[in-house]
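Just so it is clear, the values below take in all heavy atoms, side chains as well, and ignore hydrogens, waters and symmetry mates. Every number for a ligand or one of its atoms is a count from 1 in the order of the listing.
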Amino acid sequence: MSILDRFKLDGKTALVTGGGQGIGRGLALALAQAGADVAIMDLNEETANKVAQEIKEIGRRSLVYIGDVTVSKDCNNAVEMIINKWGKLDIAINNAGIGNWFDAENYPEEEWQKVIEVNLKGVFLCAQAEARVMIPKKCGKIINIASMSGHIVNKPQNQTAYNASKAGVIHLTRSLAAEWAKYGIRVNSISPGYIRTPLIDSEPVKKMVPEWLKMIPLGRLGEISDLQGIAVYLASEASDYMTGADIIIDGGYTVW
Ligand code: NAI
């Protein structure tokens, strides 16, 4: 088979959490363009439905599950919906995530908890639900969205919960990869740097961008499209010998 054919996802089914906007939407559309049917799990019904429509316009099937990744019942139900409708789940991108900024000494406990719950527990609960249906098939690709913040400490903003949660995602990925290799399930993560999403245009963030740009060797923010290639690679059989890896896509931020 030619190398480009090994990147194709025709006949595959996928789940993308937090796929209603931003990076999740971009990765969901990338999987669909590569040939997969893609289900979206998100809290926001309106945006999730819009992305599902975009997937249909690409010519693939799509489903929407409105649910919370921090609730195991929701994760299980999302996967069950896919199995009931499509019969199998080949690919899962655990992308839903949140952040907040507080100085460590004044971090409100409930704000810390929120970030860890969504970013770390949410990834685990989704991966668990996904693996339970992948294990009997002896194959599957799980892709967790971590962050360069799992490798470095961002500045000037203080975000210990986010940084700790993303470092957790990277090591959770390795742990699951080790446990599930015997079932043919590959588990890898992607660590994006600063990506230009609507969040970047919000007031508190906007004023920090010039400072961030000085710390990025490539001299620009990442685009969502900069992450699409790696997602398709990790979802496809071209990456069959890769598991437990974390791929940093950050314009070189972490090398300085
Ligand atoms: P976003 O805020 O634009 O989109 C997140 C999506 O997840 C939304 O549709 C939201 O409704 C959904 N969501 C949030 N909590 C949820 C929950 N509990 N259950 C189900 N869905 C939920 O975020 P963005 O920027 O697209 O980020 C996506 C992922 O990429 C996150 O894990 C984030 O930490 C990570 N990331 C983002 C970077 C950036 O520069 N934007 C950089 C590095 C990592």
Side chain to side chain donor-acceptor pair (under 3.5 Å) partners for Glu237, two or more places apart: none
Side chain to side chain contact (heavy atoms under 4.5 Å, CB included) between Asn119 and Ile98, worked out: CA-CA 7 Å; Asn119 294 7; Ile98 58 169; 3.9 Å; yes
Asn144/Asn188 under side chain to side chain contact (heavy atoms under 4.5 Å, CB included): CA gap, chis, key distance, verdict: CA-CA 6 Å; Asn144 298 325; Asn188 295 290; over 6 Å; no
Aromatic plane relationship, Phe7 with Tyr233 - under 30° parallel, 30 to 60° tilted, over 60° perpendicular: tilted
Check: Asp246/His151 side-chain N/O donor and acceptor closer than 3.5 Å: yes
Any side-chain heavy-atom pair of Val16 and Met41 under 4.5 Å: no
Pairs under 3.5 Å, nitrogen or oxygen of ligand 1 with protein nitrogen or oxygen:
| residue | atom | partner | partner atom | Å |
| --- | --- | --- | --- | --- |
| ligand 1 | 3 (O) | Gln21 | NE2 | 2.7 |
| ligand 1 | 9 (O) | Asp42 | OD1 | 3.2 |
| ligand 1 | 9 (O) | Asp42 | OD2 | 2.6 |
| ligand 1 | 11 (O) | Asp42 | OD1 | 2.5 |
| ligand 1 | 18 (N) | Asp68 | OD1 | 2.9 |
| ligand 1 | 19 (N) | Val69 | N | 3.0 |
| ligand 1 | 26 (O) | Ile23 | N | 2.8 |
| ligand 1 | 32 (O) | Asn95 | O | 2.8 |
| ligand 1 | 32 (O) | Lys166 | NZ | 2.9 |
| ligand 1 | 34 (O) | Tyr162 | OH | 2.6 |
| ligand 1 | 34 (O) | Lys166 | NZ | 3.0 |
| ligand 1 | 40 (O) | Ile195 | N | 2.9 |
| ligand 1 | 40 (O) | Ile195 | O | 3.4 |

